[in-house]
> 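Sharing a structure here in structure tokens format.
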Amino acid sequence: MEQLQCHVKQYAWGKYGEDSEVARLFADGHSTFQIDNKTPYAELWMGTHPDGPAQLKKCSTRLSTYLAKHPSPLTNNNSAKNIHLPFIMKVMSIRTTLSLQVHPTKEQARKLHESDPINYPDRNHKPELAYALTRFELLCGFRPAREILKNLQTFPSFRLLFGGDTYAKPLEDCISEMKNLDSVNQDSPEYQKSRKYLEDCFRFMMVPDRTDVHDLIAQLLSELDNGLRGAVEEVTVGVIRKMSKDFPNDIGIFSPLFLNHMILEPGQCCYYAAEELHAYLSGECVECVGCSNNTIRAAMTPKYIDRDALCSVLNYKMTEQKDYLVDERRVNGCVDEYAPDCKDFQLHRIRVKTNDTEKDMKMPTLDCPSILVIVSGKGTIEESTTDDQLIGQYEVKRGDIFYIPPKHNIRFTECSEALEGYRTFSDEMGPDHDNRLVTSVQSTVPTINEKMLKLDADMEEAPTAVV
Ligand SMILES: [Zn+2]
């Protein structure tokens, strides 16, 4: 087991200073780090991705370099200088909406990368799982057909945005023909046809340089002021009003009318793969994503918006919120598992109480590499081999992050303060980033890690940024 020095991203949408769990957690794990209350701390990255690589705390060697020098059956790739994990685990602290975005499939990512390596720096896909640490809100996937129909019939501004009689009407007519709108058969011809009509509406909405957006947004806000609601809950009206202040005149203000507004309570978890339109709104979460930094943005961002790529990547499925939720499965007395239909990652939540018995304090032994972050409490961990040879004993506390090699036994021998941690793992091989042409634009901003750390020679071996 190796303690890690990880990477903090200061994106503008992050919570500021002490308000940010990312900053507080990072400070608890890195004693020399001072929180600056004027700085947004958005994401803590725990993984090997070149845009935010973890390093071994004791010597500053990149974890990817360490994995290449210490091959295991799952990470063995003979001559590679860096071996990557297939996932990045993150903690996120969100103050304002992230951009409305979608991630490509592996096939789509490869094509995008080949045609535009600056904006699509990876060939890999990026499925995402979010586990709510606090109340966590996001927009995810198109609303069920009946809700989109209701909102088109309720809000004249939305109907105009979606193309009025030219594009919105065929969608309305098609949804109205569906047999049971509360439980739509997704194989039915009406449903399949409605996806095509929804795509037409969405493409019309995204036509560049539309001159009516300002007026339509003003109309929508006044429709809401006049009490129109359609399928929109009161809490979602608040989201639309906040967006209209944070992103004036942005077309994304309409997105809660056609996307699911999900509110996760602490402990709830959701997952979506490629092709799903989504935007995180607020709160704090543990996020697991594929080891990739490929994002296609639609709105609410100063970054590059690629309308054509966006419209062709979306799946235009109209789906119930519950389809995105991931149930927890009890593994043993201290571990619950969140395992979406995805090979890139699975998540364990570990909770150890001060009075737990010994058998409750053991984590399952995994055949694959994993990363563990402690988010609360204090205790002692013992690490041993499969034949019970003791390798090490560690005092652990909130903020500590560890790489755990395959087949190592980990158990808590003592817990002085109730302990909670998250462990991400996968049986898959990670992507090859050694031939990555460029590092994404956002990572060229100096990070606190680069200011804090003197990097050793191993760092020099890794691909360098081409700006
Ligand atoms: Zn995303």
Side-chain angles (χ1 to χ4, degrees), residues 9 11-14 22 42-47 49 51-52 86-106 108-109 112-113 119-132 136-142 239 243 247 252 255-256 258-262 264 269-307 309-317 319 321 323-326 338 340-342 344-345 347 424 431 440-443:
K9 297 286 188 189
Y11 303 138
W13 48 260
V22 166
E43 299 185 350
L44 170 61
W45 283 31
M46 295 164 279
H49 193 282
D51 288 349
F87 58 81
I88 312 170
M89 175 162 61
K90 301 179 184 179
V91 172
M92 302 177 76
S93 293
I94 298 160
R95 183 178 50 87
T96 62
T97 305
L98 278 70
S99 59
L100 190 61
Q101 56 182 247
V102 66
H103 305 292
T105 61
K106 273 188 186 166
Q108 291 159 347
L112 287 167
H113 176 77
N119 286 300
Y120 303 106
D122 294 305
R123 291 177 185 83
N124 200 15
H125 67 164
K126 194 184 173 202
E128 295 183 328
L129 170 145
Y131 171 96
F136 185 79
E137 299 190 34
L138 72 158
L139 301 173
C140 181
F142 287 99
V239 167
M243 280 177 173
F247 303 94
S255 54
F258 56 84
L259 297 182
N260 288 301
H261 175 201
M262 297 183 68
L264 304 184
C269 184
C270 76
Y271 166 78
Y272 45 89
E275 305 178 329
E276 301 275 8
L277 196 57
H278 61 279
Y280 288 165
L281 298 174
S282 61
E284 272 149 335
C285 72
V286 174
E287 193 195 40
C288 304
V289 300
C291 187
S292 162
N293 210 0
N294 272 338
T295 300
I296 309 170
R297 297 176 185 88
M300 296 185 289
T301 178
K303 292 183 189 166
Y304 177 60
I305 290 178
D306 186 346
R307 290 181 172 83
L310 177 95
C311 291
S312 22
V313 158
L314 291 178
N315 62 19
Y316 302 101
K317 282 186 181 166
T319 311
Q321 292 195 19
D323 295 347
Y324 296 101
L325 293 175
V326 182
Y338 300 84
D341 181 17
C342 165
D344 296 55
F345 47 75
L347 180 69
T424 300
S440 72
V441 178
Q442 63 210 21
S443 70

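Computed from a predicted structure; not experimentally measured. Atoms within each ligand, like the ligands themselves, are counted from 1 in listed order. Every heavy atom of this structure was used, including side-chain atoms; hydrogens, water molecules and symmetry mates were not.
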> Does any non-hydrogen side-chain atom of His278 lie less than 4.5 Å from one of His103?
yes
> Considering the Zn ion (ligand 1), could you give the total of protein N/O/S atoms lying closer than 2.8 Å?
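With waters ignored, the protein N/O/S count below 2.8 Å is 5.
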> Quick one: does NZ or CZ of Lys317 land under 6.0 Å from the six-membered ring centre of Tyr272, within 45 degrees of the ring axis?
no
> Taking ring-ring contact (aromatic ring centres under 6.0 Å, His included) as the test, write out the residues that go with Tyr131, two or more places apart.
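Result, ring-ring contact (aromatic ring centres under 6.0 Å, His included) vs Tyr131: Tyr338, Tyr422.
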> Taking only residues two or more places apart in sequence, or in another chain, which ones meet Glu276 in a salt bridge (Lys or Arg N to Asp or Glu O under 4.0 Å)?
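Salt bridge (Lys or Arg N to Asp or Glu O under 4.0 Å) list for Glu276, sorted by chain: empty.
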> Quick one: ring-ring contact (aromatic ring centres under 6.0 Å, His included) partners of Phe247, sequence neighbours excluded?
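Phe247 satisfies ring-ring contact (aromatic ring centres under 6.0 Å, His included) with no other residue.
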> Less than 4.5 Å apart, any side-chain heavy atom of Leu98 and any of Leu138?
no
